[in-house]
Amino acid sequence: EFGLQDCVPAKTQFKSGNACEPAMWVKLAEKKDAMECPNGIDWNRAPNNVPRGGGGARNTPQLPTHLQGLPAEEFCKRAFGGYGFEQEWNICEGKDDDEEGKEESSGFCRHNPLTGGTYCSFRKLLVKPSMIDVARGGEEVQSVMGRSESVEFPKYAQGAFQLGCKEDQKSEFHKSSTVYYPHHLKLVMGALQFEPSALTRCKGSATAASSPSSPPPPPSATSIVGGTTMIFTRYEYANLFHQMTDWYNMYVVGQREEVLGAKITFLFLDGHAKGALDSAWTSWSRISEKDGQQEATSSYNHQEGFIRVKHLSQETCFHHALLMPMGYRSPVDIHGMTGSAKRCRNDNRVNEFRMMITRTWLSIPYDDDLTSSSSQSLTSSVKIKVGMIFRRDYVAHPRAGAGRTTRKISNEIQVVNVLSRLKDVNNKWAIEFRSMSLESMAFKKQVEAVSRQNILIGVHGAALSHALWMKPGSDLIEITTGGYSGRFHFEFFAIWAGLRYRKVNVGGGNLLNVNTDVLAGIVRDLANSHYA
């Protein structure tokens, strides 16, 4: 919320409404208004990882010498693919990768110094939900309106996570560092206990019921979840941009661990209420079940396609658990948007992610008349598909109040009329215009609608994250105003996805008046280039 490199969930809500514990570099006004830190943070002493450069938001990790000046191809390969997780350390002594070793409890972590992301892999991880203090999660938003975000982020007692192996003492160096374990990873790893009986309980645990109607095992039994489980703590869970960072982490870690074609379960450690993007997670889980029967814990109904940790009524053993990187350390988060990342135009890995989601997981085919590159031509008298996203009011989460949306277009009807009537003077092409209000659409329908467009237009906002689903050679027009004109989230998305990008700056605050002549001129130029 402060946009800082190290900001952990607070145990109580601050007067300002913020749910993080700020350190010494926070604005004095925030420091003055905040209550005393409940866990004794000294306001006058920053953590070890003070943001470098004195600049601000989620600074780019400082690169080791051997990574500075990397050629573009190598940089992009390390930044956007699993290959970049080059630093590895054991959590347990004697990590085994063979089949026999997989029956033992083990753990190791990998770190990508380019993105600052870390993930950890565990075999036979025991999770004790009774030792995790967090809201139950999954409630209807209206039933928990006004709830502080701080209660939706977990606090762990020692032993909330257990491995039945002996700790590798060499891992102590990494455990004390917020470079290797930023944010929630530090909290989880700090609560991890090495307990021999955990392996015994995992090996002797009852097989999970395959149906919610099956009788539960005895209270003393431990449930088990087979296959691979990806464990997330979701930040800004109702925001598409930030969920996209988690999904890309899902892709890049899954690629590194070679589990994308296998059965995957998702475990949420946060206690967020229901959100509009929950259906996306359900889609990912449903796809992962196609090759085999999903094992559900006896204490949880898997109809949602994911597990909320407080919906588990007893300790649960996860056969193979991946503690995922935080979204703020994803390759597609803003911290990675440096001059070097601009070199990754039409990146193969970003396009592989797009194809995995749209074609393989959501089964969305592309229209034959969409361009595959800006150099290919459309046939004569073709319809150029132009979609424009309009922002609508909606209640996204318990702190959204009345759900009033900012940056709306005041002359929407005029914009629609002008763009809908655009056509080539020689009648070689015409616009097939679609007005989109994504708030009322199911997630798959959103992806399908956007991915079919030749040209996508929208005001700066999380919905433009959908640009990653568009086919290379398509176009993105971003309308910005005021302080948003200097933000480059979606310019980078366009670069990485192989799209052409235009920015239109307009005046106004919450109501924007778009110059239809300017916008129509840009659309006409792009349409001509598609045809030429």
Side-chain angles (χ1 to χ4, degrees), residues 342 345-346 367 369-378 380-391 407-438 449-508 511-532:
K342 269 193 171 183
R345 179 170 295 278
N346 197 11
D367 290 347
D369 61 350
L370 286 179
T371 57
S372 60
S373 73
S374 59
S375 63
Q376 288 184 324
S377 299
L378 298 168
S380 60
S381 302
V382 74
K383 296 289 187 181
I384 305 293
K385 295 178 181 293
V386 177
M388 186 163 184
I389 300 172
F390 292 98
R391 296 165 62 85
R407 305 191 303 285
K408 294 179 181 178
I409 294 177
S410 60
N411 58 332
E412 178 178 326
I413 295 176
Q414 181 187 9
V415 170
V416 171
N417 288 337
V418 169
L419 295 182
S420 299
R421 296 169 183 166
L422 271 183
K423 61 181 180 180
D424 179 58
V425 293
N426 296 316
N427 205 31
K428 293 180 178 179
W429 57 260
I431 295 298
E432 183 179 300
F433 184 80
R434 179 170 183 176
S435 175
M436 294 183 284
S437 299
L438 302 183
V450 172
S451 64
R452 292 180 182 277
Q453 304 306 312
N454 296 100
I455 302 171
L456 179 67
I457 308 169
V459 177
H460 176 92
L464 290 188
S465 304
H466 280 304
L468 276 189
W469 313 133
M470 297 179 71
K471 204 169 185 180
S474 304
D475 299 288
L476 175 64
I477 302 174
E478 180 181 9
I479 300 171
T480 63
T481 182
Y484 294 95
S485 61
R487 301 189 182 186
F488 41 79
H489 304 57
F490 307 113
E491 179 182 356
F492 274 79
F493 271 30
I495 290 171
W496 299 334
L499 313 180
R500 296 179 299 181
Y501 174 83
R502 297 287 188 91
K503 179 179 287 190
V504 179
N505 293 314
V506 300
L511 287 176
L512 312 180
N513 189 277
V514 176
N515 186 317
T516 53
D517 290 337
V518 171
L519 183 59
I522 294 174
V523 172
R524 183 181 295 278
D525 287 345
L526 294 176
N528 281 326
S529 68
H530 276 291
Y531 182 85

Say you draw a straight line from [atom1] of [X] to [atom2] of [Y]; how long is it, rounded to the nearest 0.5 Å?
{"X": "S451", "Y": "W469", "atom1": "OG", "atom2": "CH2", "result": "10.0 Å"}
{"X": "F433", "Y": "M388", "atom1": "CZ", "atom2": "CE", "result": "6.0 Å"}
{"X": "T481", "Y": "H460", "atom1": "OG1", "atom2": "NE2", "result": "11.0 Å"}
{"X": "L512", "Y": "N505", "atom1": "CG", "atom2": "CG", "result": "11.0 Å"}
{"X": "R434", "Y": "K385", "atom1": "CZ", "atom2": "NZ", "result": "9.5 Å"}
{"X": "M436", "Y": "H466", "atom1": "CE", "atom2": "NE2", "result": "9.0 Å"}

Side chains of [X] and [Y], heavy atoms from C-beta outward: is any pair under 4.5 Å?
{"X": "R502", "Y": "I455", "answer": "no"}
{"X": "I457", "Y": "I522", "answer": "no"}
{"X": "R524", "Y": "L422", "answer": "yes"}
{"X": "L464", "Y": "F493", "answer": "no"}
{"X": "I389", "Y": "L456", "answer": "yes"}

Which pair of non-hydrogen atoms, one from [X] and one from [Y], has the smallest distance, and what is that distance?
{"X": "A467", "Y": "A497", "value": "O-CB, 4.3 Å"}
{"X": "A494", "Y": "L476", "value": "CB-CD2, 4.3 Å"}
{"X": "R345", "Y": "L499", "value": "NH1-O, 4.0 Å"}
{"X": "F490", "Y": "G461", "value": "CZ-O, 3.1 Å"}

K408 atom NZ, over 12 foreign heavy atoms within 6.0 Å: yes
Atom CZ of R421: over 12 foreign heavy atoms under 6.0 Å: no
Whether F492 and F488 hold their rings parallel, tilted or perpendicular, with breakpoints at 30° and 60°: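 The arrangement is tilted - the two ring planes meet at 30° to 60°.
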[X] side chain vs [Y] backbone, donor-acceptor pair below 3.5 Å:
{"X": "D424", "Y": "N426", "result": "yes"}
{"X": "E432", "Y": "K383", "result": "no"}
{"X": "N411", "Y": "V514", "result": "yes"}

Among V418, N417, L419, the one residue meeting side-chain contact (heavy atoms from CB on, under 4.5 Å) with V415: L419
